[in-house]
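Order of the sequence lines sets the chain letters (A, B, ...), proteins ahead of strands, with each chain counted from 1.
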Protein chains: 2
Amino acid sequence: MKKKKDENTEVQILEAAKTIFQSKGMDGARMQEIADEAGINKAMLHYYFRNKQLLFEAVFKNAFLLLAPQLSAVLNDNSSIEVKVRNFTSNYISFILVHPYIPSFIIQELNRNPDFILKLKDNPNFPNLEKFKKQVEEEVQQGLIKPISAEQLFINIMALNVFPFVAKPLLKAITATNDEQYQKLVEARTTEVADFIINSIKTI
Amino acid sequence: MKKKKDENTEVQILEAAKTIFQSKGMDGARMQEIADEAGINKAMLHYYFRNKQLLFEAVFKNAFLLLAPQLSAVLNDNSSIEVKVRNFTSNYISFILVHPYIPSFIIQELNRNPDFILKLKDNPNFPNLEKFKKQVEEEVQQGLIKPISAEQLFINIMALNVFPFVAKPLLKAITATNDEQYQKLVEARTTEVADFIINSIKTI
DNA sequence: AACTTCATTAACCATTTGGTTAAACTATTT
DNA sequence: AAATAGTTTAACCAAATGGTTAATGAAGTT
């Protein structure tokens, strides 16, 4: 091999960096630990990504690129609000079961450095509320759902779906459940949350 | 002054540590920065709190002791579920306006170190669901609210109230609002969220 | 006033950590 | 096979960082 950096090594680094960064955060992660996880020399991290900040940004962007389509899904398809809510809830919970750390990771690191989001906003996949806004207004107009702003509805959908994963340790303690019980509680939400939202907004 | 550690200094340190830890987290915070913020020598931090971990735990406990009563409020008074939901939502949002960093801080650090909660669980003020459970069951039985488990209802209440603050940078970006607009959006939730919840669970 | 005790500081220390460098290695090109 | 160019490593480095220490200050006790 020549001329081209070994893509395999690069992927290995990203994979290891993802593991370490997502469990320890930018500040808690150590370059040596990432190198060990990847099974390579620490200098390689710098050879491929120059420094810790750039490596972190690569991991962060990858994570966001996985999450963004999940959010956009609620916003940009053509089904009714009710169907959207049901699909989103069920899709999101499956998604999390595969990528459990992503939402906490993104929210945590955005709190640490809010300017970070500016680098993502340009991205064409960045979730956009426009279409959803029109749809909510229309359904309200038509009397299909009770008056609510698209922003508030969106926040509610996100909150009910994402929060149980982000606040897992706290909620586990308060509900006095073990891992298995909490997992069941969360899985039950696949339908519970959708029903809860729809109950609230649908007209009688 | 003698015999007693200068309480003023101790308070100054805790105040400074709170500021730094809550904005940078345990890993991102620097002892020197805390000392500077408190306007004292770095050695004082160790004199009063021995090491970084213990200083952090003091700050964390203080934060949790502020938050816990807010949560217990929903669970332990005697009003109806509907009144409780309204009171909690309105109280919680006022609370956050005074202590904006607390919930993110707690959730973030619990994710970093889930065992941390064990140190809090013993505390008599730790939120307990027992009473709330009975109440929900009763109101369901009486047909006052639709069937829902106390755990799910509690998670929903928490999610709808806490999430907008924890995920502020992300939600600000997606809703394309500036600080002022987002603040308004959140303040509107004082009543919006309560209505949303009650709409969903009340029987017709 | 001498003594004792806690509070505070400046200087110091060992370790950790992100990052660098020069050399070795590997594969491709000529 | 010699030259070339990218890849990988071990060793190294300077700065940052949590923590310590020995000396000084200040206040109460005798």
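- The pair R30(A)-D36(A) fails the salt-bridge criterion, with no side-chain N (NZ, NE, NH1 or NH2) lying under 4.0 Å from an Asp/Glu carboxylate O.
- Counting only heavy atoms from C-beta on, N41(A) has its side chain closest to dA10(D) among dG19(C), dA10(D), dG19(D).
- Taking atom OH on Y47(B) and atom P on dA10(C), their separation rounds to 17 Å, with Å as the unit.
- Salt-bridge formation is not detected for the pair E130(B)/K134(B): no Lys NZ or Arg NE/NH1/NH2 atom is positioned less than 4.0 Å from an Asp or Glu carboxylate oxygen.
- Between F60(B) and F116(B), the distance from one ring center to the other falls under 6.0 angstrom.
- As a whole-Å value, the separation of M44(A) CE from dG18(C) P is 18 Å.
- The pair E192(B)-R189(B) fails the salt-bridge criterion, with no side-chain N (NZ, NE, NH1 or NH2) lying under 4.0 Å from an Asp/Glu carboxylate O.
- When distances are taken from the side chain of K52(A) to each of dG18(C), dT21(C), dG19(D), the shortest belongs to dG18(C).
- As a whole-Å value, the separation of I20(A) CD1 from dG18(C) P is 12 Å.
- Protein atom CG of L45(B) is 12 Å distant from nucleotide atom P of dT8(C), rounded to whole Å.
- Closest to the side chain of Y48(A), out of dG19(D), dT8(D), dT9(D), is dT8(D).
- In this structure Y92(A) satisfies the ring-ring contact (aromatic ring centres under 6.0 Å, His included) test together with F88(A), sequence neighbours excluded.
- Near-neighbour residues of DNA chain D inside residues 21-40 of chain B, defined by a heavy atom below 4.0 Å, number-ordered: A29(B), R30(B), M31(B).
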F196(A) vs F196(B), test: side chain to side chain contact (heavy atoms under 4.5 Å, CB included). Steps then yes/no.
CA-CA 9 Å; F196(A) 190 85; F196(B) 189 87; 4.2 Å; yes
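- Under the 6.0 Å cut-off for aromatic ring centres, F49(B) and F56(B) do not qualify, their centroids lying 6.0 Å or more apart.
- Atom C1' of nucleotide dT26(C) and atom CG of N8(A) are separated by 16 Å, given to the nearest angstrom.
- At least one side-chain nitrogen or oxygen of T9(B) sits closer than 4.0 Å to the OP1 or OP2 atom of dT8(C).
- The K42(A) side chain lies nearest to dG18(C) when the options are dT9(D), dT9(C), dG18(C).
- In the set dG19(D), dA7(C), dT9(D), the nucleotide with an atom closest to the side chain of H46(B) is dG19(D).
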